[in-house]
Amino acid sequence: MAASVLIVDDEPNIVLSLEFLMRQDGHEVRVARDGDAALAAVAERVPDLVLLDVMMPGRDGYEVCQAIRANPACARTRIVMLTARSREVEREKGLAMGADDYVTKPFSTRALVERVREMLAAGHG
Amino acid sequence: MAERSGDGGAWLPERRQGSRPLWIALGAASAAGALAGALLVVAGAATPAEPGRGLGALTSVEVGVALALAASCFFGVAAVALRLGIALPLRQLAAEARFAAEAGAERAIEPGRHRWLAPVPAAVAELAGALASGRRAHAAAIEAATRGAAEQRNRLETILRDLSEGVLVCTLDHRVLLYNRSALSLLRSAGEVGLGRSIFNAVAREPVLHALERILHASEPAGEVAGTCSVVCATADASRLLHGRIALTRGEDGEATGYVLTLADATREVEALAARDRAMRELADGMRRPVANLAAAAETLGAFPGMPEAQRAAFDAVVQREGGALVACLERYDGAARGLGGGHWPLADVLSIDVFRLAARRAAEEGGPEITPIGLPLWLHADSQSLVVALARLATRVAEAVGVDAVDVEATAGDASAYVDIAWTGAPVPSATLDAWLAEPLAGALGAATPGDVLLRHGSAAWSQALGDGRSRLRTPLPMAASPAPRDAPASPALPARPEFYDFDLPAAAVAGGDRLLRRMEFVVFDTETTGLKASAGDEIVSIGAVRVVNGRILTGETFSRLVNPGRPIPPGSIRFHGITDAMAADAPPAAVVLPQLRAFCEGAVLVAHNAAFDMTFLRMKEAESGAVFDMPVLDTLLVSAFLHPDIVDHDLDAIAARLGVRIEGRHTALGDAMATAAVFVALVDLLDRRGTTTLDQLLRSSRMAMELRARARQF
């Protein structure tokens with residue numbers, strides 16, 4: 001199924017891989033380089049899934065997550081936090097803010113693709 | 001009253017007896033003289049022979065005789081009057097005064113009685129009164145000083161007892177004069193810690209000696225407090241690493257008399273540091289190779305874009321592989337670092353309710369919201385001071401932002417940590433706002449930090465979420481205190497609240513002479529439970545109990561209690577007696593293991609037991625096997641009692657106790673019996689002391705202890 005995926009990350013080196021992978025899986029991909037751009041993109045069109053980095057200048061990932069969750073239109077949107085912050089407490093915080101999943105970098109690309117597929121399937125089910 | 005038989009009045013009655021006949025004779029002579037004189041006068045008046053004779057015509061002889069008789073009469077009466085009115089009362093007064101001086105009886109003198117002595121009794125009574133009140137004041141002063149000293153000592157004892165660091169005070173020859181609970185629990189498993197024992201039973205020798213040498217010969221304190229030195233040493237069995245300080249104690253003349261050692265367990269900290277270092281080293285080492293390989297492959301790929309496909313594939317494979325290796329290395333480090341916990345920030349166990357109350361008070365003082373603690377108290381492991389300040393600040397900011405003037409605060413237990421929540425009615429706090437608050441510096445927090453720093457110290461973060469039903473919270477996870485069971489709990493009996501943990505009266509040196517005073521010596525009073533009465537017939541020990549007695553004090557904190565595997569079945573008859581079954585004894589170590597432990601416990605002491613011949617026979621039978629030789633002097637409370645009361649037949653322990661007025665509880669375990677024997681022994685030593693047998697030699701000699709013991713041992 002083709003879904004709408006929004007990639008939010010300020011680091012082009014990882015965006016390169018993520019964008020490619022998501023496109024390979026047949027999804028429609030948009031990229032936002034910071035929090036403000038992310039919220040603008042969400043306002044423009046609600047994505048099915050967001051791959052969200054935490055450490056970004058300006059609005060960080062937690063803010064974006066909180067904002068998306070506060071938006072009733074995004075009730076079905078899946079949020080997967082992708083971040084270099086590996087502490088357990090940060091994972092807890094991410095999930096508490098409303099993320100559906102929390103993946104620490106570095107991650108296995110194959111595993112990520114699998115997880116995205118699972119989430120999208122569940123979302124549409 | 002003058003006849004009281006006091007210590008000073010012994011001379012009084014005899015003197016009076018001696019002088020009484022004299023006074024009677026004098027009185028009789030005076031009376032006779034008076035009578036004779038009267039008769040002469042009457043006779044003269046009754047002879048009318050020569051008219052005109054009358055009184056004026058008496059011859060000079062008759063006048064002389066009459067005058068002499070009259071004079072003697074006068075002196076006799078005067079003497080009796082003096083005696084009765086002055087001499088006797090004076091003597092009585094003197095006796096009463098002496099009595100008052102000795103016995104302090106103020107009311108012995110009644111001033112009104114001896115009227116002829118007029119001012120003297122009153123004056124003496126005043127003196128007696130002054131003396132008595134002076135004595136009372138003196139006694140009161142002594143009592144006050146003693147009470148003051150006792151209070152100070154109690155305070156010091158309490159401080160020492162509850163210090164988390166171990167404290168030991170030792171003589172210059174390394175014997176323990178004082179130790180506190182923490183020292184005992186730190187060192188107990190390493191060796192015997194007790195008053196009068198060498199500290200090197202439990203602590204390694206060289207580091208302490210080296211530290212002492214440094215202090216004694218230091219030319220300059222080198223930044224440390226003069227006369228102290230830090231010391232790092234291990235326990236004697238090398239099971240734990242200790243870190244602490246050593247300082248000399250000095251007498252009044254400034255000479256060193258000993259030293260104080262404070263110790264804390266550094267094992268955990270040192271192990272954690274070592275583990276962290278190891279993890280980081282492994283990370284760096286583990287990463288080098290993959291990074292090198294990856295970088296080389298990537299560079300080569302970039303430098304030779306026209307590389308043939310097959311070769312390119314090989315390079316790609318390298319990039320894949322080494323990428324994976326780097327990921328694995330990082331994961332390993334992450335796992336190791338996570339297990340090592342937080343940094344070196346000083347955290348302590350604190351009750352959540354205490355933190356919340358303090359935060360509430362602080363917020364109230366600074367015009368913040370009313371903070372209401374709710375929920376059950378929870379033990380947190382935190383830096384309470386900065387946590388209080390951070391919580392008060394966050395609550396205040398929340399209240400301002402949301403527009404409320406009251407918030408709740410609660411601690412709940414999670415799986416791995418506790419959660420502290422500030423809750424309110426209203427919307428949650430946006431993440432950016434919270435981050436801004438977390439970055440504002442706090443006044444009064446340790447290290448001039450921000451709330452974010454404070455949370456970081458605890459390995460924590462904070463976030464705000466909506467709770468539904470219009471309420472929101474700000475949550476932060478915090479470390480919970482470890483479970484209350486002490487981490488190094490030895491299976492020991494509860495230590496007494498007023499510990500016999502110190503004895504500054506230890507004799508100057510551990511002289512092995514028998515001329516030491518019994519009441520100041522060190523004894524180990526012990527008792528054994530056995531399978532039966534005949535060591536020679538194969539009976540064995542099943543339990544040993546012992547307790548140390550030092551300076552006449554039974555040290556209930558220094559006991560020895562072990563079950564012993566007898567290596568044979570225990571007869572039911574004896575089980576009824578001591579309660580130790582085959583099952584209980586099966587897990588116990590054999591005598592060959594326990595007896596050396598007992599020997600160590602008895603080091604430097606004299607053995608005491610009731611009916612010692614019995615117990616010593618069992619100990620001696622195992623000498624070859626266990627290697628534990630009990631060659632110290634042995635005292636038998638039964639024989640001592642027999643020596644003191646030769647006419648009495650019953651020298652059973654209970655009977656002796658009853659005779660001496662010693663209360664005994666808890667018989668029929670080896671330790672219980674040992675304690676009972678110890679109580680009796682202390683009373684016996686006291687009795688011996690009063691009867692003049694004060695040293696060990698005297699006792700051994702006069703009771704012929706060794707000979708008696710040998711004789712009695714034959715029957716076992």
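Reckoned from all heavy atoms, side chains included, excluding hydrogens, waters and symmetry mates. The chains referred to below are lettered A, B, ... by the order of the sequence lines, with proteins before strands, and numbering in each begins at 1. Please read all numbers here as calculations on a predicted model, not as lab measurements.
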A:Leu52, A:Val8, A:Leu18 screened by side-chain contact (heavy atoms from CB on, under 4.5 Å) with A:Leu82, the one that passes: A:Leu18
Part of B:Ala462 lying under 4.5 Å from any heavy atom of chain A: backbone
cation_pi(A:Arg91, A:Tyr102) dist<6.0 Å, angle<=45: no
Options B:Gly324, B:Pro477, B:Ala461, B:Ala432, ranked by heavy-atom pairs under 4.5 Å with chain A, top entry: B:Ala432
Contacting region of A:Glu90 [heavy-atom separation from chain B under 4.5 Å]: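 For A:Glu90, there is no contact with chain B at all, as no heavy atom is under 4.5 Å.
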Minimum heavy-atom distance between A:Gly35 and A:Val64, given as atom pair plus value: CA-CG2, 3.6 Å
Under 3.5 Å donor-acceptor, A:Gln66 side chain and B:Ser431 backbone: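 Yes.
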